[in-house]
Amino acid sequence: MALNSAVTLSGHEIGRAQFSQAQAAGVEATVDMNPVLIKPTSDTDAQVVVNGRPYATMSAAEYHKHKPELFEMVLDSLARLRRTFDAVVAEGAGSPAEINLAPTDIVNLRVAERGGMNAIVVGDIDLGGVFASLYGTVALLPTEQRRLVRGFVINKFRGDPQLLGDATADLEKRCGIPTIGVLPMLEDVHIDTEDSVALRDMPIVASDTDRDCTHRAGAHPSTAQLNVAVIAYPCLSNFTDLDPLANEGDVSLRFVRSVRELGHPDLIVLGGSKATAADLEWMRTRGLDQAVATAARKRRSVLLGICGGYQMLGRTIDDDVESRLGVVEGMGLLDVETRFEHDKMLAHVSGTAFGAAVTGYQIHHGRVRRKPDGTATPWLWFNQEPDGWCADEVYGTTLHGLFESDDFRRAFLTHVATLNGCRYDPDPVPFSERRQRQFDAVADAMEECLDMSTLLEIMGIS
């Protein structure tokens with residue numbers, strides 16, 4: 001279950017976390033790595049993506065009725081991966097000991113059971129109660145699944161592991177399962193997150209409304225110069241689009257949920273949304289739509305809308321697919337209109353913007369078109385066709401992942417800084433290299449802190 005997704009080179013939609021794991025492994029992401037993706041559209045409903053394509057929008061009860069057939073699809077994907085790769089890691093979702101879900105589970109130890117796979121249970125010690133959690137998980141498993149668990153890993157430990165004393169040995173005596181390692185809390189590692197749960201841990205910081213760009217212009221280069229605010233509406237999706245900005249030393253990136261938190265940023269980003277009309281209404285009930293519009297019209301802030309955020313900036317949204325609300329009035333900041341279509345656009349694209357090459361991917365039902373009598377001008381081009389329109393420093397595009405293009409990111413942020421009278425010193429390290437360093441940090445911690453020989457034995461690798 002995730003609102004952050006990506007598109008494979010074959011044009012299939014999968015979860016962003018699985019896409020990132022493929023990058024870490026140095027292999028091309030395929031749809032078999034995430035055959036069933038659930039994208040929540042409300043507290044009770046979700047779009048179910050099967051084998052990379054929209055399958056249906058369902059309630060939780062409806063989804064459970066489909067799980068038997070989906071389970072067979074999951075096993076088919078697993079079989080194809082095992083024929084292709086030397087080793088396959090099947091990552092569970094949630095807990096394998098949710099006894100209310102266990103009989104129809106398709107994401108945890110039933111997969112391992114049917115696939116003849118050994119298992120490792122990972123416990124998050126940062127949440128507290130890790131030994132009770134590990135012991136209780138195994139105790140609640142049916143006998144045939146309990147036999148599959150060959151090891152425990154304790155994750156996110158702060159401090160000296162020796163403080164655990166004999167606890168891991170005692171745990172093994174009680175349930176017969178060894179702990180093969182204790183991984184530390186890696187504070188400076190930020191790898192693509194799976195869903196909006198992670199957004200709750202993001203900084204929600206009120207801006208100092210008395211501070212403007214001139215106060216920051218003389219700051220030390222290590223101090224952030226550009227103030228970027230992202231509107232954190234409930235169904236914000238693909239917020240990993242902003243990771244390259246968060247990794248820039250001269251950028252302060254904030255997620256905001258109120259007018260007070262918004263303040264006077266240099267750049268406001270309206271990101272993707274899996275419930276565009278509902279998220280726009282959420283902004284209106286909080287006055288955020290007016291605050292954002294005022295900041296843009298008075299040239300206090302540059303405004304960028306990506307995918308769902310782009311659709312919100314237009315005149316109208318005609319949606320009988322996602323929200324089924326029909327025609328909804330947009331924010332009116334761009335002379336464009338959006339019409340949702342049942343067929344989802346899934347593609348990798350390349351183009352140019354701000355004189356730089358830009359690449360990314362598209363995931364959307366909504367087709368955005370400029371109104372015939374509109375005044376918006378193109379700013380981002382694909383194959384000599386515009387895919388982004390702008391007016392008065394308000395920019396919109398359907399392109400996810402655009403800030404991973406280093407030259408474009410630097411050119412766009414330089415433009416924002418120039419407009420606001422700020423200094424911006426681009427980070428010289430390519431984003432792809434910084435991401436690889438994050439992967440390496442995790443791999444180094446695992447190699448140092450896990451019993452690798454036992455891990456390989458559990459995986460059946462000699």
Side-chain angles (χ1 to χ4, degrees), residues 1-2 14-15 17-38 50-52 67-99 101-124 133-155 168 171-172 175-183 194 442-443 446-447 449-462:
M1 180 179 290
I14 67 172
Q18 285 66 51
F19 188 87
S20 180
Q21 289 159 3
Q23 290 178 315
V27 299
E28 181 182 323
T30 72
V31 69
D32 283 326
M33 296 174 182
N34 183 201
V36 180
L37 171 64
I38 303 172
V50 178
N51 290 328
K67 286 172 74 173
E69 61 186 283
L70 296 177
F71 188 38
E72 297 304 319
M73 295 179 185
V74 169
L75 295 174
D76 288 344
S77 288
L78 175 62
R80 283 190 290 268
L81 290 172
R82 296 176 83 174
R83 288 195 296 268
T84 305
F85 296 98
D86 297 319
V88 176
V89 178
E91 178 189 15
S95 167
E98 300 289 354
I99 55 178
L101 301 175
T104 59
D105 168 49
I106 72 169
V107 294
N108 280 298
L109 286 177
R110 279 187 74 221
V111 177
E113 186 181 359
R114 283 283 298 272
M117 304 159 68
N118 291 323
I120 293 171
V121 176
V122 182
D124 183 351
S133 175
L134 293 172
Y135 181 85
T137 294
V138 172
L140 286 172
L141 293 176
T143 302
E144 59 272 16
Q145 292 183 8
R146 193 180 306 136
R147 294 194 189 104
L148 303 177
V149 180
R150 296 281 306 279
F152 292 137
V153 169
I154 294 175
N155 195 22
T168 57
L171 180 64
E172 183 176 0
C175 61
I177 298 171
T179 297
I180 65 172
V182 179
L183 292 170
E194 188 168 78
V442 175
M446 293 180 68
E447 191 170 24
C449 300
L450 298 185
D451 181 344
M452 295 302 294
S453 60
T454 298
L455 176 61
L456 294 176
E457 178 187 346
I458 291 172
M459 294 179 69
I461 300 174
S462 57

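Heavy atoms only: backbone and side chains are in, while hydrogens, waters and symmetry mates are out.
Proximity of Pro96 to Asp105: side-chain heavy atoms (C-beta onward) are nowhere separated by under 4.5 Å. The shortest distance between side-chain heavy atoms of Val27 and Met33 falls below 4.5 Å. Looking only at side-chain heavy atoms (C-beta outward), Leu134 and Ile154 come within less than 4.5 Å of each other. Side-chain contact between Leu171 and Ile177 is absent, with no heavy atoms from C-beta onward closer than 4.5 Å. At a threshold of 4.5 Å between non-hydrogen side-chain atoms, the residues Asp32 and Thr84 do not count as touching. By the 4.5 Å heavy-atom criterion applied to side chains, Glu72 and Arg114 are counted as neighbours. Looking at heavy atoms from C-beta onward, Leu183 lies in side-chain contact with Met446 at the 4.5 angstrom threshold. Looking at heavy atoms from C-beta onward, Asn108 lies out of side-chain contact with Gln145 at the 4.5 angstrom threshold.
Of the inter-residue distances, the one linking Glu447 atom CD with Leu455 atom CG reads 11.0 Å to the nearest 0.5 angstrom. Atom-to-atom distance recorded for Arg147:CZ and Leu109:CG is 13.5 Å, nearest 0.5 angstrom.
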Checklist entry - When you look at Thr454 and Ile458, which way does the side-chain contact (heavy atoms from CB on, under 4.5 Å) test go after all the steps? => result CA-CA 6 Å; Thr454 298; Ile458 291 172; 4.0 Å; yes

Checklist entry - Given the rule in the side-chain contact (heavy atoms from CB on, under 4.5 Å) test, do Ser77 and Asn51 qualify, once you have shown the distances and angles that lead to the verdict? => result CA-CA 9 Å; Ser77 288; Asn51 290 328; 4.2 Å; yes

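Between Arg146 and Ala139, the shortest heavy-atom contact is NH2-O, 3.6 Å.
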